[in-house]
Amino acid sequence: MKLMVTGGCGFIGSNFILRMLESYPDVRIVNLDLLTYAGNLENLQDAKKYGQRHIFVRGDITDMDLVDSLLQDGPDAVINFAAESHVDRSIMDSSAFVRTNVLGTQVLLDACRRHGVKRFVQISTDEVYGSLGSEGVFTEMNPLAPNSPYAASKAAADLLVRSYHKTFGMDVLITRCSNNYGPFQFPEKLIPLMITNAVCDSRLPVYGDGLNVRDWIHVQDHCRAIDLVLRKGSSGEVYNIGAENEVPNLEIVRHILKRLEKPESLIKFVKDRPGHDRRYAMDASKLRTELGWKPRIDFQTGMDETVLWYLEHEEWWRRIKSGQYMTYYEEWYADR
Ligand code: NAD
Ligand code: TYD
């Protein structure tokens, strides 16, 4: 199988590529990634042992000529992970989000159509559904009601993908997953931010009352679900992905501090994120019943392994948490 993966140098894309190369000896992957602040070739060190089965191309998914040239020899499928992915950055400036997440998806869809690519898998998010109160879960039937510019750009992309199925009969699938955690996550997101700040005895900035709830899933369970959807999903369908693991933010932060034997006095409650979604919870029963998926990594074990991974890969995150990252950090957190 020949695949084109976009955004394969980010957190989930790199985990997916390594998993596919390891699981299927006949899989060959072209990885198109712009290497934005979030992309890191170091995430794919282990792909080197697979030689030419993984080919990295630095480039932009909005670059029509480049995408066209890469699709000349017709991969079997394109899996689109490439995105601007951080809600807080989308609040600071949403332009890159619209460009990559919306325009980039349209460029990929058109190119796939021209070159007769058999399948297109769009990696989306539960955030397109908006926010829940204390009750209920998101099913695939929920209306799209995105609240952040990030979520709005992902919802727009989902609607484009859907339209290419309805209008052109393209074989497309959309996966919507809840919050991921695990190795190689960029330390702007809650879990790696809190682990790395705690290691440095820096303040842990908790938004609002810390009681917002996210439905956490290990990145490997997410990647296994994408693999199943790619191989066995029904054309035109949306699949929710989630591990039924709702945890309030404060509980996660306390867990990390306990695990690292650091004091709770490091917690700093800060001004809330504007438009902050209160709660996400996914109903993934369609994926479970139709494709036989279930999560394998329980949260305690997954978190222990993740904390250990960040402790053992200090060079990786210390390199990131310098320079450009500090400018972002100061700009976003200074007034909070
Ligand atoms: P990430 O920010 O870690 O990685 C994004 C990757 O995309 C980076 O390697 C970056 O260089 C690349 N990229 C950005 N703009 C590009 C462009 N114009 N052209 C080519 N490459 C570009 O993101 P992630 O957390 O790995 O998320 C991957 C996908 O999964 C995203 O589409 C995101 O919306 C979705 N998702 C993420 C989560 C989560 O918890 N992280 C949950 C559900 C869905
Ligand atoms: P995040 O990792 O940004 O993911 P998302 O907003 O896409 O769900 O945030 C997860 C939760 O953690 C969310 O409720 C916001 C909260 N949060 C903080 O309290 N402090 C922080 O510094 C960050 C980055 C997030």
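Heads up: numbering here begins at 1 and tracks the sequence. Each ligand, and each atom within it, is numbered from 1 in the order the structure gives.
Counting atoms of ligand 2 from 1 in the listed order, those under 4.0 Å from a heavy atom of H86 are 3 (O). Numbered from 1 in the order shown, with element, the atoms of ligand 1 that lie under 4.0 Å from a heavy atom of S124 read 43 (C), 44 (C). Within the listing of ligand 1, atoms 19 (N), 20 (C) sit less than 4.0 angstrom from a heavy atom of G59. Numbered from 1 in the order shown, with element, the atoms of ligand 1 that lie under 4.0 Å from a heavy atom of K154 read 31 (C), 32 (O), 33 (C), 34 (O). Here is the list of ligand 2 atoms found below 4.0 Å of a heavy atom in H276: 13 (C), 14 (O), 15 (C). Close approach of ligand 2 to N179 is summarised as follows: ligand atoms under 4.0 Å from at least one heavy atom of the residue are 4 (O), 5 (P), 8 (O). Numbered from 1 in the order shown, with element, the atoms of ligand 1 that lie under 4.0 Å from a heavy atom of N179 read 40 (O). Under a 4.0 Å criterion applied to the non-hydrogen atoms of E188, ligand 2 contributes the atoms 24 (C). Heavy-atom proximity to S178, at under 4.0 Å, picks out these atoms of ligand 1: 42 (C), 43 (C). Within the listing of ligand 1, atoms 33 (C), 34 (O) sit less than 4.0 angstrom from a heavy atom of Y150.
For atom 19 (N) of ligand 1, the nearest protein heavy atom (residue, atom name, distance) is I61 N, 3.0 Å. Given atom 37 (C) of ligand 1, the protein heavy atom at minimum distance is I12 CD1, 3.4 Å. Looking only at heavy atoms of the protein, atom 40 (O) of ligand 1 is closest to N180 N, 2.9 Å. Closest protein heavy atom to atom 3 (O) of ligand 1: F11 N, 3.0 Å. Given atom 19 (O) of ligand 2, the protein heavy atom at minimum distance is Y207 N, 2.9 Å.
Within the structure, ligand 1 has L35 among the residues with a heavy atom less than 4.0 angstrom away. Heavy-atom distances between F186 and ligand 1 stay at or above 4.0 Å for every pair. Distances from ligand 2 to the non-hydrogen atoms of Y333 include at least one value under 4.0 Å. At least one heavy atom of I123 sits closer than 4.0 Å to an atom of ligand 1. Residue C177 places a heavy atom under 4.0 Å from ligand 1. Assignment of G8 to the shell around ligand 1 is not supported, since no heavy atom sits closer than 4.0 Å.
Of the candidates S85, A83, G7, A38, the one placing a heavy atom closest to atom 5 (C) of ligand 1 is A83. When the heavy-atom distances from atom 2 (O) of ligand 2 to V87, L193, T125, L190 are ranked, the shortest goes to L190. Comparing heavy-atom distances from atom 6 (O) of ligand 2 across E127, R273, R279 singles out R273 as nearest.
Between W293 and I241 the shortest side-chain heavy-atom distance falls below 4.5 Å.
Seen from the ring of F97, R89 does not count as a face-on cation partner, given the 6.0 Å and 45° thresholds.
Within a 6.0 Å radius of CZ in R28, other residues, nucleotides and ligands contribute 12 heavy atoms or fewer. Applying the 6.0 Å contact sphere to CD of E261 captures no more than 12 heavy atoms from other residues, nucleotides or ligands.
Salt-bridge formation is detected for the pair R114/D68: a Lys NZ or Arg NE/NH1/NH2 atom is positioned less than 4.0 Å from an Asp or Glu carboxylate oxygen.
For ligand 1, the polar-atom distance check finds an N/O of L34 within less than 3.5 Å of one of the ligand's N/O atoms. Considering backbone and side-chain N/O atoms, F81 comes within less than 3.5 Å of an N/O atom of ligand 1. Considering backbone and side-chain N/O atoms, T36 comes within less than 3.5 Å of an N/O atom of ligand 1. Considering backbone and side-chain N/O atoms, D33 comes within less than 3.5 Å of an N/O atom of ligand 1. For a threshold of 3.5 Å applied to N or O pairs, the pair formed by T100 and ligand 1 contains at least one separation below that value. Taking distance alone, with nitrogen or oxygen atoms compared against 3.5 Å, D60 approaches ligand 1 more closely than that limit.
Nearest heavy atoms, G302 versus H218: CA-CD2, 4.1 Å. Across all their heavy atoms, I61 and T100 have their closest contact at CD1-O, 3.5 Å. Contact record, R119 with L230: NH1-O, 3.1 Å, taken as the closest heavy-atom pair.
The closest side-chain donor-acceptor pair between S178 and D215, if any, does not fall under 3.5 angstrom. Side-chain contact, K321 with N197: a donor N or O sits under 3.5 Å from an acceptor N or O.
None of N147, N240, T139 except one satisfies the side chain to side chain donor-acceptor pair (under 3.5 Å) rule with Y129; the exception is N240.
Ring planes of F299 and W216: parallel class, angle under 30° (limits at 30 and 60°). In this structure, F186 and Y37 have perpendicular ring planes: the angle between them is above 60°, well past the 30° mark.
Here A96 has no heavy atoms under 4.0 Å from ligand 1, in either its backbone or its side chain.
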